[in-house]
Structures are given as C-alpha cells and as structure tokens.
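Step one of this worksheet: look at the structure below.
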Amino acid sequence: MTTALRIPQPWDLAVFLAQVTAVVGKEIRLMPLPPGLADGMPCGVLLESADHIVIAYDAESSGYHAEHIVLHEIGHLLLDHAGVDADRARRATIEMLFPSMDPDSVLRVLQRSDYDDAAEHQAELFASLVLSESRTAPVGSPVRRTIFRD
C-alpha cells in the first residue's frame with residue numbers, strides 16, 4: 001500500500017512532519033544542535049529507537065538549509081535506507097549528541113558519510129523536490145502529480 005504525502009500550502013514543516021509521523025507510526029522529534037557541537041559532524045543525523053525518531057541538525061544553519069537537512073533525513077526514513085546498526089555506530093557520537101538517550105536503545109543511525117553514496121543522492125533529491133514544490137509549484141503541477149498526490 002502506498003501512502004501519499006501532501007505538501008502543505010502554504011508550506012509548514014510541522015504539518016508535513018505530522019504526516020510523516022502518521023506514516024511511520026513513531027513520534028519525530030527535531031533537535032537543533034547548539035552552536036559548536038555540530039562542528040565536524042554531519043549536517044544532520046537521524047536516530048531511531050523503538051518508540052520515536054530524533055532528527056538533529058545544525059542550529060546555526062539558515063531556516064531554508066535547516067529544513068533541507070531535516071527533509072534529507074526524512075528522505076532516508078521514508079526511502080527505508082538501512083543506516084548503521086546502533087551496535088556498530090560510534091557510541092561516543094551518540095552519547096555526545098544525545099546524552100539523554102541510551103545508546104543501546106538506538107535501532108539505527110542515519111547520517112551523511114559519503115556524498116557519492118546512492119542513498120545520499122536519493123535523500124538529497126527527496127529534500128530538494130519537497131522544498132522546490134513547497135515554494136513554487138501550484139497544486140496539480142506535473143512534478144507534484146508525479147511525486148505527491150494533491
């Protein structure tokens with residue numbers, strides 16, 4: 001069964017995330033990383049546990065870029081990219097970025113590691129299409145009809 005997502009008009013990330021939450025069946029929490037904490041880290045990180053999903057992003061990013069990062073991680077989620085099993089993920093990274101989360105409760109970690117990876121291209125395309133359509137395409141446009149159900 002395919003589930004359609006609607007791009008809110010006017011665009012509203014919270015409304016879009018509510019739709020994604022309904023599709024995946026888990027609460028999605030956004031976590032802006034404090035200035036300096038994201039230095040040397042991927043732009044965004046998705047951690048999935050049994051009952052919720054956390055998407056962390058660089059709080060110093062512009063509003064548009066922050067939304068793109070979040071949508072990139074949502075793309076990984078909706079496209080069911082495997083990520084890294086928590087057992088193999090770097091515990092220190094999980095403990096540093098998510099000190100209140102037990103690393104043993106993490107089911108998978110999705111983060112940028114290689115820009116040439118097919119999954120990265122897919123997630124980047126998903127985020128770009130959603131943002132492009134949210135700002136320019138009227139309801140019923142060919143791209144919207146191809147990707148989303150109006």
Side-chain angles (χ1 to χ4, degrees), residues 1-86 89-90 93-94 96-98 100-101 106-150:
M1 180 176 134
T2 302
T3 302
L5 295 172
R6 297 184 190 281
I7 297 179
Q9 294 293 328
W11 171 248
D12 187 322
L13 180 61
V15 171
F16 190 75
L17 286 177
Q19 291 182 66
V20 175
T21 295
V23 169
V24 299
K26 294 182 182 183
E27 175 190 6
I28 298 173
R29 302 173 187 168
L30 298 183
M31 184 180 132
L33 297 174
L37 188 59
D39 290 346
M41 302 301 295
C43 294
V45 177
L46 182 145
L47 283 156
E48 181 179 8
S49 69
D51 60 350
H52 68 277
I53 295 163
V54 177
I55 297 175
Y57 62 94
D58 185 353
E60 294 185 311
S61 294
S62 69
Y64 182 88
H65 189 231
E67 285 187 351
H68 194 278
I69 293 166
V70 169
L71 289 168
H72 177 101
E73 299 306 324
I74 293 295
H76 280 306
L77 182 66
L78 293 176
L79 295 167
D80 201 27
H81 293 155
V84 178
D85 291 335
R90 292 177 288 167
T93 300
I94 294 171
M96 180 180 71
L97 294 177
F98 307 95
S100 64
M101 183 175 274
V106 176
L107 300 176
R108 68 177 163 168
V109 178
L110 291 161
Q111 65 186 44
R112 289 183 181 163
S113 58
D114 182 356
Y115 286 97
D116 291 333
D117 182 81
E120 289 303 317
H121 286 281
Q122 292 170 355
E124 197 69 9
L125 180 58
F126 175 86
S128 295
L129 285 171
V130 170
L131 285 177
S132 174
E133 289 301 300
S134 74
R135 283 154 170 80
T136 60
V139 172
S141 76
V143 172
R144 283 182 75 116
R145 284 195 313 270
T146 303
I147 308 229
F148 302 99
R149 189 170 292 155
D150 288 330

Taking all atoms of both residues into account, what is the closest heavy-atom pair of [X] and [Y], and its distance?
X	Y	value
V15	P8	CG1-CG, 3.7 Å
L33	A59	O-CB, 3.0 Å
L79	A123	CD1-N, 4.3 Å
H52	V54	CD2-CG2, 3.6 Å
G44	I69	CA-CG2, 3.6 Å
L30	Y57	CB-CE2, 4.2 Å

Fill in: L78 vs L5, side chain to side chain contact (heavy atoms under 4.5 Å, CB included): CA-CA, chis, key distance, verdict
CA-CA 11 Å; L78 293 176; L5 295 172; 3.5 Å; yes
Practice prompt. Check step by step if side chain to side chain contact (heavy atoms under 4.5 Å, CB included) holds for I55 and L46.
Written response: CA-CA 5 Å; I55 297 175; L46 182 145; 4.0 Å; yes
To the nearest 0.5 Å, what is the distance between [atom1] on [X] and [atom2] on [Y]?
X	Y	atom1	atom2	answer
T21	R29	OG1	CZ	11.0 Å
H65	H72	NE2	NE2	10.0 Å
Q9	E133	CD	CD	9.0 Å
R6	F16	CZ	CZ	12.0 Å

Worksheet entry | Partner residues of L125 under the side chain to side chain contact (heavy atoms under 4.5 Å, CB included) criterion, sequence neighbours left out |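 L125 satisfies side chain to side chain contact (heavy atoms under 4.5 Å, CB included) with L129 once adjacent residues are dropped.
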Fill in: side chain to side chain contact (heavy atoms under 4.5 Å, CB included) evaluation trace for V130 with I74
CA-CA 11 Å; V130 170; I74 293 295; over 6 Å; no
Discussion item. Tell me every residue that passes side chain to side chain donor-acceptor pair (under 3.5 Å) with Q19, counting only those two or more places apart in sequence or in another chain.
Written reply: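 Partners of Q19 under the side chain to side chain donor-acceptor pair (under 3.5 Å) test: none.
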Discussion item. For S128, give me all partners under side chain to side chain donor-acceptor pair (under 3.5 Å), at least two apart in sequence or on another chain.
Written reply: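 S128: side chain to side chain donor-acceptor pair (under 3.5 Å) contacts with H68.
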Discussion item. Can you pull out every salt bridge (charged side-chain N to carboxylate O under 4.0 Å, His left out) where at least one residue sits in residues 62-71? Sequence neighbours excluded, please.
Written reply: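 Every salt bridge (charged side-chain N to carboxylate O under 4.0 Å, His left out) pair that includes a residue of residues 62-71, provided the two are not neighbours, is E67-R135.
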Worksheet item: Run the side-chain hydrogen bond (donor to acceptor under 3.5 Å, both in side chains) check on Q122 and H76 step by step: do they pass?
Response: CA-CA 8 Å; Q122 292 170 355; H76 280 306; over 6 Å; no
